Amino acid sequence: MFEECIAIRGQLQKMMEMVIADDHTLVSFYRKRISCTCLAKKYKEVKSIKKMGYCNNDKCPLPGRKVERSKMLYCTRCRYAYYCSRDCQEAAWSEHREECKERAEEIAKFERIRNPNEV
């Protein structure tokens, strides 16, 4: 049951990423699933493009709220929301707090199911 829930959550996150994905992410995703020389050529073009993510803070000062994914920070409590900086994370806390609490409770619940002997 736990593994199924984690798998479903991972699939949902992947689908959400695809909606807002950059060219590098999209081409990489489809290249792994579709054998086509046109995608191999396109991948050569986009592989040097840095993967971008979106800051969870609606008032983020960055253009389009985009930041290089490797430099993003995430909420360590819920592990769901990503931010470009600690300042953005703090600024968005009032809006993120309730969702964070719910997600953290879900994670804790699944961890208890997965590891029933650990306290």
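What's counted below: heavy atoms across the whole structure, side chains too, no hydrogens, waters or symmetry copies. In this text, all values refer to a predicted model and were calculated from it rather than measured experimentally.
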NZ/NE/NH1/NH2 to OD/OE distance under 4.0 Å, Glu106 and Arg103:
no

In the hydrophobic cluster built from side-chain contacts under 4.5 Å, what are the other members alongside Met72?
Leu62, Val67, Tyr74, Tyr82

Atom CZ in Arg77, atom NZ in Lys101: separation rounded to 0.5 Å?
7.5 Å

If hydrophobic residues (ILVMFWY) are linked whenever their side-chain heavy atoms come closer than 4.5 Å, directly or via other members, who joins Val46 in its cluster?
Val27, Tyr43, Ile49

State which residues pass side chain to side chain donor-acceptor pair (under 3.5 Å) with Thr37; sequence neighbours excluded, sorted by chain then number.
none

OH of Tyr80 to CD1 of Ile107: how many Å apart, nearest 0.5 Å?
11.0 Å

Salt bridge (Lys or Arg N to Asp or Glu O under 4.0 Å) pairs, two or more places apart, involving residues 43-52
Lys42-Glu45

With distance as the sole test, does Arg33 use its side chain to make a donor-acceptor pair with the main-chain N or O of Phe29 at under 3.5 Å?
yes

Got a sec, which residues hit salt bridge (charged side-chain N to carboxylate O under 4.0 Å, His left out) with Glu105, two or more places apart in sequence or on another chain?
none

Which donor-acceptor pairs under 3.5 Å do side chains of residues 84-97 form with protein atoms, sequence neighbours excluded?
{"unit_1": "Ser85", "atom_1": "OG", "unit_2": "Asp87", "atom_2": "N", "d": "3.4"}
{"unit_1": "Ser85", "atom_1": "OG", "unit_2": "Cys88", "atom_2": "N", "d": "3.1"}
{"unit_1": "Arg86", "atom_1": "NE", "unit_2": "Glu90", "atom_2": "OE2", "d": "3.3"}
{"unit_1": "Arg86", "atom_1": "NH1", "unit_2": "Gln89", "atom_2": "OE1", "d": "3.4"}

Could you tell me which residues satisfy salt bridge (charged side-chain N to carboxylate O under 4.0 Å, His left out) with Arg31, sequence neighbours excluded, listed by chain and number?
none

Separation between CG of Leu73 and CG of Asn56, rounded to the nearest 0.5 Å:
12.0 Å

Between SG of Cys60 and OH of Tyr83, what distance do you get to the nearest 0.5 Å?
11.0 Å

